[in-house]
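The structure appears right after this line, and notes come after that.
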Amino acid sequence: MEIESGITAQQRTDQIKSFQAELQILKDENIISLLQEQNKAIAKYHQELLANYSLKFDVDTSKNEKQLSLGMKIASFLAALALAFSIFLLFFQFWGDYTQNTQIAILILAPSILLGVTIYLRKQQKGDYYTKISALLAFVTFVLNISMLGQIFNIAPSPNALLVWSLFAFLLAYALNARLLLGVGIIFFSFFLSAKVGVWGGGYWINFSEHPENFFPVAAILFLLSFVNHSKLSSFDIVYRYFSMLLFFLPVLILSNNGLLSYAEMDRQFIQGFYQIVGFSVSAFAIYIGINKGLSELTNMGNVFFVIFLYTKFFNWWWDLMPKYIFFLIIGLSAVFILMILKRFKSKLLKNTHWGLS
Amino acid sequence: MKIFKSSWGLFVLAFILLFCTNAVVLIGAYTNRAMEATSQTVLTQRELQLPYKNIRENNGMSLRLVYRTLNADTRKGSYHKIPAWLNTAKLNELGFDTNRDLSTARYKKPPTKEVFIVLEYDGEAYQKSLALAKENFVEKEVLFNAKKDDNKTKREYEDARGRLNREQMSESRLFAIDAGLEYEKLRQKYSDKSTYMIVKGLVRLVYQDKIEKEQYASIQQLNIENIYLPYKFKYVLKDITTDNSLNNRLGSAPKYEVEIKYGIRYEPWISSVEII
């Protein structure tokens, strides 16, 4: 089987490691016994595969390596963040001491050079972490490039800048399989689209956050995008789903508490009640679908927002009426109740799996 | 599309995006300044103020365009920017549906619109504001002379004197006096480019006077209120930077004048700076 991406190579490596561990247990328990030639053939095949993946995709073949990789990911994230801040402040520190032409040259050259460095590092394959740091810096300098040209020439702010930045982040994210850049691209895209929706709704784009409903179309688009085939990219579909849920539930939560922010010209209480029902039913539905389809991100976000909706409601109803110890007792008991329901769900799932196997 | 499937193709697209965006921005900036200016005025430190304080991490500098309004409700002061002329009739002209908005604006987030705003420099509106300050000073002076021992009248008299002093010496003489949806129409009405600047800004409904059945709006902001000071002018103002805000509060005379131009995209730039 030809493996084409690092993510599938890592999945296959994990699968081999699990198989080897399970096989050892089966042998120790005398469930099966393989001939020496068979043992050797399997071991040789796996060894060759792992060596190949390690060489080509830099996969982690042991638990220790995985822990190290996680540490490297965190370090590279921090490095990228700190370097991005450093570049921002460096630009501002010396900004006023350059002539206009020098400023323009610096602004255009900085992202171009960093993009060139990113391509060079990508070509080297091995420097995966450095490539992603360099790509993030290319993105940051591109944001600086456009925003500071706007400052030099006193250009009125435009939502189109958000679209351009999001496209740039998306291109780099897809080229390098970088989830952080994907997240950044999604954030800029959501601001752009909700600003446009705000304009279609009759407002001025800068005030897009005044109507939380502006975020619903972007949530729907991101949710649909999550079902596009992303098999060669690490968890892109999950990132899309997380953001789509967040951009749906957060506005619903805000509207369920402040109906005045809605476009609908109806009674405030009615709008709040409507969004409370939407919040409860969609989060419960997300939990159900997530469990049924094996999409843990749907279940997780559904769980989190169901609890938030519930506790917000409790707070509105009882915070002023009840002694605080009773209020927190109710919160605790409701958490236990939710736990019981989820446990029943889990045992039902296990039962189904058991029936399926037998 | 094959280009979207290979990472090299995506990098090429990123390069194209980077250069095209820069080209669009630079061509736009060039076009704005290449044609005849839509407004061209010489303002002073009173209207184009230095930043309140120098930020250590940012050595670039922008001047803040300070404009005022003669307000519908004088109790709210001139910095609330709720001008008397921005009334129901004007709002209807600007495309607000006041019949609908009158009932909802007070409780909902009121609507906002981008329009052209006319800024008058050292004109009738400023003279009116100056006359009001003088009138107020004379009124308080009479009260103070009648009751010299009363602390309240003394304080009011000193406030009025300070206000008049600032109005004469340091307050901005730039007043928003009209608004419209078309530049050409406004320019025909206000043809003097050195007295009347026509800029873009945002107007937002504010409140309804239930007795007069009048709807008012405020100028939320101008699209560009901070104007970048180019490198060649930065050092002209180097000795003025530090004591700017204190001097303004005390009512000292302006120390520099700046020529400001607006291009065909209604984006401004500073074309000269001189010490007075």
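A note on names: the letters A, B, ... follow the listed sequences, proteins ahead of strands, and every chain is numbered from 1. If you're wondering where the values come from, they're calculated on a predicted model, not measured in any experiment.
- Only the side chain of B:Ile224 comes within less than 4.5 Å of a heavy atom of chain A; its backbone N, CA, C and O stay farther away.
- Closest non-hydrogen pair, A:Ser112 versus B:Phe19, comes out as OG-CZ, 3.6 Å.
- Between the CZ atom in B:Arg33 and the CG atom in A:Asn154 there is a gap of 6.5 Å [rounded to 0.5 Å].
- Closest heavy-atom contact between B:Leu17 and A:Phe168: CD2-N, 3.5 Å.
- For a residue to count as touching a neighbouring chain, one of its non-hydrogen atoms must lie under 4.5 Å from one of that chain's; by this rule A:Tyr98 touches chain B with the backbone only.
- By the 4.5 Å heavy-atom criterion applied to side chains, B:Phe15 and A:Ile119 are counted as neighbours.
- Across A:Ala175 and B:Ser7, no two heavy atoms sit closer than the pair O-CB, 3.3 Å.
- In this structure the side chain of A:Arg122 reaches within 4.5 angstrom of the side chain of B:Trp8, judged on heavy atoms.
- Nearest heavy-atom pair, B:Leu18 versus A:Pro111, reported as atom, atom and distance to 0.1 Å: CD1-CB, 3.7 Å.
- Looking at A:Phe142, the atoms closer than 4.5 Å to chain B (heavy atoms on both sides) all sit in the side chain, from C-beta outward.
- At least one side-chain heavy atom of A:Leu176 sits under 4.5 Å from a side-chain heavy atom of B:Phe11.
- In terms of non-hydrogen atom pairs under 4.5 Å with chain A, the most contact-rich of B:Cys20, B:Ala29, B:Gly28 is B:Ala29.
- Interface remark: of the candidates B:Leu222, B:Val25, B:Thr21, B:Thr21 forms the most heavy-atom pairs closer than 4.5 Å to chain A.
- Proximity of B:Asn22 to A:Ile146: side-chain heavy atoms (C-beta onward) are separated by under 4.5 Å at one or more points.
- Side-chain contact check for A:Leu167 versus B:Leu13: every heavy-atom pair is 4.5 Å or farther apart.
- If you measure heavy-atom distances from A:Leu172 to chain B, the contacts under 4.5 Å come from the side chain alone.
- Neither side chain, A:Gln151 nor B:Tyr228, offers a donor N or O lying under 3.5 Å from an acceptor on the other.
- Summarising the geometry, atom CG belonging to B:Leu26 is positioned 8.0 Å from atom CD1 belonging to A:Ile155; distances are rounded to the nearest 0.5 Å.
- Contact of the B:Asn32 side chain with the A:Phe153 side chain is not registered, since no non-hydrogen atoms from C-beta on lie closer than 4.5 Å.
- The nearest pair of heavy atoms linking B:Asn223 to A:Pro157 is O-CD, 3.9 Å.
- In this structure, OH on A:Tyr204 lies 5.0 Å from CG on B:Leu202, to the nearest 0.5 angstrom.
- With a 4.5 Å cut-off on non-hydrogen atoms, A:Ile104 touches chain B through its side chain but not through its backbone.
- Contact check for B:Gln220 versus A:Asn207: side-chain heavy atoms found under the 4.5 Å cut-off.
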